[in-house]
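The structure appears below as C-alpha cells.
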Amino acid sequence: MAEHYSSFQRGGTRWLLQRVTAVFLIGVLAFHFFLLHFVNHASEITFAGTAVRMSQVGYFATMWLFLVTATFHGVNGVYNALINQGLEGTRKNAVKWLLVLASLLLVAQGTRVAIAMTNLV
Amino acid sequence: MSTQTEPESETEIEESEAAATETESAVESPGDRRRREKGERAVEEEAKRKEAEETLDEEDTVQIKVFRYDPEVEGKQEPRFDDFHVPFFKGMTVLDALIYARDTYDSSLTFRHSCRQAVCGSDALFINGSQRLACQTQIADLDSETVRVEPLPHQDVVKDLVVDMEHFYDQMDSVEPYFDADELPDGDETQRQTPENREKVKMSTRCIWCGACMSSCNIAADDNQYLGPAAINMAYRFAMDEREGEIRKEDRIKIIEQEHGVWRCQTQFSCTEVCPKDIPLTEHIQELKREAVKSNLKFW
Amino acid sequence: MSHSYDRGFIEDFGRWREFSAGMWAWIFHKFTGWVLIGYLFTHIAVLSTATASDPAVYTDTLQGLEALVIVRFLEVGLLAVAVFHILNGVRLLFVDLGVGLEAQDRSFYASLVLTGAITVASVPTFVGGVLA
Amino acid sequence: MYEHDVIVVGAGGAGLRAAIAAHEEGADVALVTKLHPVRSHTGAAEGGINAALHEEDSWELHAYDTMKGSDYLADAPAVDTFAQDAPEEVINLEHWGMPFSREEDGTVSQRPFGGLSFARTTYAGAETGHHMLHTMYQQVVKRGIEVYDEWYVTNLAVTDHDDPEDRQCHGVVAYEIATGEIEGFRANDGVILATGGPGQAFDHTTNAIANTGDGAAMAYRAGVPMEDMEMIQFHPTTLPSTGVLISEGVRGEGGILYNDEGERLMFEYGYANNAGELASRDVVARAELTEVNNGRGIEDEYVDLDMRHLGEERIVDRLENILHLAEDFEGVDGLEEPMPVKPGQHYAMGGVECDENGETCIDGLYAAGETACVSLHGANRLGGNALPELLVFGARAGHHAAGKDMKDAEIQTGYSAKSEDGDVEPPVEPGAVGASGEDAAADGAVVDADEVLEHTIERERERVEALMEGDGLNHAEVRSEVQKSMTATVNVFREEEGIKEALRDIRRARERYEDVSVSDPSRTYNTDLIHTIETRNVLDVAEAIALGALARREFRGAHWRAEYQERRDEDWIKHTMLAWNDGTPELYYKPVLLESQWKEYEPKERSY
Ligand SMILES: Cc1cc2nc3c(=O)[nH]c(=O)nc-3n(C[C@H](O)[C@H](O)[C@H](O)COP(=O)(O)OP(=O)(O)OC[C@H]3O[C@@H](n4cnc5c(N)ncnc54)[C@H](O)[C@@H]3O)c2cc1C
Ligand code: HEM
Ligand code: SF4
Ligand code: F3S
Ligand code: FES
C-alpha cells in the first residue's frame, strides 16, 4: 500500500476538496445571506446582536467552519486559476506559499474576531 | 501494341512525329510553337475564367472568404483574406467550394483533404467562427451570405489553411494510445468483451484525430502542455476497455492524472460541441476525474 | 507551438463573439469566485472592528457602512455574484457527477435567469432601509 | 538519405499490417506515407471483414465463395492462402484491441454478407475500416515503428536492367510536403507498395481524393506488369454530389429504388424480378444507369432510394449513420425525402501483379492491398473481402520482405509468365508521349544501390524543377477531363467505341500534360505540385484500365461489354496483363490458376 500512497497525486485531492467544500458552502452561504440580510437586516446589526448569535456553540462552530471552508475553497480556487493561467516553477511555489500564508492569516484573524464576538472572553 | 513488334511501333511514332514537325517547322520551330500555344492558351484561360466569374449569377453563387498566408511567397507573408465566388449547387459543402476555387481560380490555395466523408479528419477548419470539417459542412446550413474559412485557431499556420498538427499528435502519443492487455488468451482464441462494455467505449473509439476539439478549448490554448480533450478521450477509450485489465487501467489513470492532465479541464464543453463525431468528450473527461479520485481514495 | 500565427484581431479580441455557453459559464464563475474571495478578506477586515475594546466601534462601523447608498448597491451586486456562483456551482457539481450533461448549456442560461430574478426581487430588502 | 531494412510506402490497412509484420521479424522498418496514417482511406470502409472463424464454417467454404464471386478469374493459390490466413489475422486484430461488435456471450459478432454461404463477416458497427485502421496504427505506435508522414513518394529506385525481371529495387525517392525537400530512402531488404486504389481515374467514386493509384503507376513504369486492370467494381448507391457511399444495408433493410416516374424500377422493368433491390451490385448499378439512359433518371442523373416507409424508429435504430451521411453530404433528410443515388466507382480488383508473398517480378519490390493484384478478387470482389486481404497479404509481404522463411509462391510473375500475345487495336498509340524510356534508362549502367538512388533522386529533382519552372496548364483541367471521359465510357456499361473514345481522350490528355506546370511557387506545403504529379499517375492508370477493357471481349463479373453479352470461358479464363515496356505498353495474357496445392475449382455459372 505504501508505494501506492506515495504516488498519490495532490491534484485529485484538491479537486475533490474543492467540490466537497462547495457542497458545504451552498448550505451555509445561503443560510448566512438569508439570516443577515433578510431575517436580520444588515443595517440593524449591532455588536450585541452578533454576540448573542455567536455565543451559541452550534452557530459559532458553523460560522468558524464557514470561514475555514470558504477560505480553502476560495484560495484554492484562485490557486487553480493561476495554475491554469500557466503559472509554473518558482513563481508557482512562491504564489502557493503566499496564498497559504494569506489563508492562515485570514483564518487566524477570523478566529480572533469570532472569539471576540462571543461573550466568552 | 503487343501484336506489333517493338521496333515497328517505335518507328511509327518517330514517323508521325517527324511528319508533324516537318509541316510546322516551315513556319516556326517546335519550341516557338509550344511557347506561342502556351501564351495563347494563357490568354484564353484568363478570358474563360473572367467569363466564368462574370456569368455567375449573384443568386446561385456563394462567396467564400479564405485566409491566405505563405511564409515564403512575397505578397502572402502578410496574412490576408481572399474572396472567391463559387457557383452553388444543392448539397454543396464548404470543401466542394474550396476545391472549386482552387481548381478554377487559384491552384496555390492550400488545404488538407482526402476522404470527403468525415472519416479521415484532414479538413477541420475554422468556418464562420466554429471548428468544423469542411467536407461535413453544408453551405446551405450555414445560413450566411459569405463563408469565412480560416485555419484552426491556436495552432501554428504552415500555409493558407494548413496548420501544424505535430503538437496534437504528440499529445495523442503521450497517453500511450495503444491497446495493451494485462494478459491475452492463446493464439487462436479471441478475448471476451461484453456488449455493454463495448457500448461504453464505443463513442470514444470514433475519434478521427481532426484536432477540432483541441483547437476549440480555451485551456489548451493557454496551456500548451495540457493533454487536451482528444488525448484524454483516447486514454478513456483504453482505460474503460475491460479487456485491458486492472493493472493497465491503474497506469492509465496515472497518466491522465498528471499535472497537465484531466484536472486542467474546466468543463467548458466547447470540445464536445465541435466534435464532428459527436463524442461526449466532457463526459469522458469528467468520468476519468471521478475514476482518478476513486482510485486514490481506495488507498486511504 | 505555444501560439498560433498571430491573426491579430480575430485571435485576440474577436474570439469572444464565438464563445459558447460553457465558456461564458467558466468566465462568469471565475469572476464571481474572485469577487467572493476578495469580499471574504474585506469582510473579515471589517468585522475585525469587533476586536476593539469598545463594542460600539463594531456597531458604528457596520451601521455607518450600511447607511451609505453605495454600500447597499454593492451588496445587491454581491448577492448577484454569490447567487450566480452558487447556482452555477451547483451546475458544475452536477457536471462533475456526470449528471445532465446534455443540458449544460440550458442549465447555464437557467442560472443566469434565476440570478437575475433573485437579485431583482431582493432589491427592496437591500436598498429599502436607506432610500425609505 | 534515410536508410531502413524495409520501406513500406503507404500507411492504410495494408501498409500498416506489412510494417508490423516486418517489425515482428525484427526488421528495421519505416512507413513513408503522403497522408498521416489515420487519414488513409481504409478508414472509410463500413461493412466488415470476412473470416471463417466459426466452428461450423471453414476456410474451404470461404475460398469457394471467393472463387465463385470472382467469376473464376482469381488464382486459386491466392484464394486458398487468403481464406486460410484470414481467421488468424482477424484474431490478431482482436488481440490488438479492435472494438468489434459483440454477442451477448462476449464473442465477436458475425453477420451475413452478399455472396457468402455463411455469416462470416466480422464488423465494428458501420465503421469497421475506421477501427481496423486505428487499431493497427496504435500497434505501430506501440512498436515504435518510424513513420514519415506527409512524405510523398514520387518514384522507385530501381536498377535499369533491360529485362524488368533482372531489375532490383533499392528504395524510393520521396518529397517532404511540408518543406519541399526531396530525399532518398534506401531499403536494404525491400520496398512494399501499399498505396491503395485508383479511384481518382473516375470522376464519380467512393474513393478518397488521395487515391490516385500512385503505387500502381510507379511500379508499372518501373517494369512490373499490371493485371486485370479492367476489373473495376461500381457501387450502385452513392450520393450524386460527392460519391459518398450509402451502404447496402439500406436496401437490406427494405429500401426501394424509384425512377423519375415514381416506378419501382427493379421490378417495373424486370432487371431483377426475384431479388429486386437486393440483386448483386453490378446488376443494380446497370439497372440504374439504364433508367437514366432511357430518360427516366431524375434530373437525368440519378434515381431515388427511399427508406421512409421503414419508419423513423427502425431507421434510427439500424441506419442512423446513413441519416447523417445523407444530411451532411447531400443536404437531404432521409426521414423526410428519398435519397438520390447513382452508381460510383468503388474498388479496383486489378493492380500491380504480385504473388502470394506479395513479391513482384522486380527483386525487392512488393505490393499489397488494393494497389496489388495477387489475383484474389478476379472479376468481382465480394463485400468484406478487401479488408482481410489487406491483413493477409500485407502481413505476408511484410514477413517475406523481412526475410522470414516462407514457402515458395505458386503464382508466377513477370513477363516470362506470359502464355499468349495480346490482340487489341487501340485507336491511338498508348503510353508515354515521345516514349524513350524516360522512366528507366534501360542500359544496365546503373545497378549499384547508392548509385541507383542518387540517380533517381537527381531525376526527381529535375522533374520537380521543371514542373515548378514552367508556365503552363493547370493539371486540374487535364485530370478532370480524363475522369469525365472514364466515367462516361469505361463505366458500368462499356462499348468498344466508348472505350476507344476514352483512349483518345487519354492520349490528348497525355499530350496536354506535357505542358502542365505548377503555378504555386512555394516550397512550403505545395499541394499544387503534389496533385500535378498525381495526375500523371492517374493518366497511366486510367489508360491501363481502358486498355484492359478494350482487350477483354466478354462479359465477366464487373466487366460488361455491349458487344459480348456472355462469359466466354473457353477463351477468356486468363488475366489481361499490361507491361509498360519503357513507355510503349504491351498487352499480353497469363493463365488463371484454378488449381492450388489444396484444391481445384471448376467454373460454374455465377448465380445467387
Ligand atoms: C467507402 C468504402 C467502403 C468500403 N467498405 C469495405 C468493406 O466493408 N469491407 C471491405 O472488405 N472492404 C471495403 N472497402 C474496400 C477497402 O476499404 C479498400 O480496398 C482498402 O481499405 C484499401 O486499403 P489500402 O491499405 O490498400 O489503401 P489505403 O487505405 O487507401 O491507403 C493508401 C495509403 O497509401 C498512401 N499513399 C498513396 N500514395 C502515396 C505516395 N505516392 N507516397 C506515399 N504514400 C502514398 C496513403 O497516404 C495511404 O496511407 C471499402 C472501400 C470504400 C472506398
Ligand atoms: C456557496 C456555494 C459555492 C459553491 C457551490 C461553489 C462552487 C464552486 C466550484 C464547483 C468551483 C470550482 C470550479 C472549477 O474548478 O471548475 C468554485 C470555484 C471557486 N469558488 Fe466557489 N462555490 C461556492 C462558494 C464560494 C465562496 C463563498 C467563495 C469565496 C470565498 C468562492 C470562491 C471561489 C473561487 C475563488 C473559485 C475559483 C474560481 C476560478 O476558477 O477562478 N466560492 N466554486
Ligand atoms: S475527439 Fe472529436 S474533435 Fe477531437 S480530434 Fe477526435 S474527432 Fe476530432
Ligand atoms: S473545451 Fe476544454 S476545458 Fe474541458 S470540457 Fe473541453 S477540454
Ligand atoms: S475530407 Fe476527410 S474528414 Fe473531411
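Letters go in sequence order (proteins before strands), and every chain restarts at 1.
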Dump the intermediate steps for side-chain contact (heavy atoms from CB on, under 4.5 Å) on A:Phe47 and C:Thr49, then the final yes or no. CA-CA 10 Å; A:Phe47 185 79; C:Thr49 48; over 6 Å; no

With a 4.5 angstrom heavy-atom cut-off, could you sort out which part of A:Ala114 is near chain C: side chain, backbone, both or neither? neither

When only pairs under 4.5 Å are counted, which of C:Val83, C:Leu47, C:Thr61 shares the most heavy-atom pairs with chain A? C:Leu47

What's the separation between atom CG in C:Leu40 and atom NE2 in A:His73, rounded to the nearest 0.5 Å? 11.0 Å

Less than 4.5 Å apart, any side-chain heavy atom of A:Ile26 and any of C:Leu93? yes

Between C:Ala82 and A:Leu29 the two heavy atoms that sit nearest each other are CB-CD2, 4.3 Å

Taking C:Thr59's backbone N and O only, do any of them form a donor-acceptor pair with A:Thr46's side chain (distance below 3.5 Å, no angle check)? no

What heavy-atom pair brings A:Val113 and C:Ile44 nearest, and what distance separates the two atoms? CG2-O, 4.4 Å

CZ of A:Phe24: more than 12 outside heavy atoms within 6.0 angstrom? yes

Against chain A, label C:Leu65 side chain, backbone, both or neither, depending on which of its atoms sit under 4.5 Å from a heavy atom there. neither

Smallest heavy-atom separation, C:Ile37 atom then A:Ala70 atom, equals CD1-O, 4.2 Å

Could you report the tightest heavy-atom contact between C:Phe41 and A:Ala102, atom names first, then the distance? CE2-O, 3.9 Å

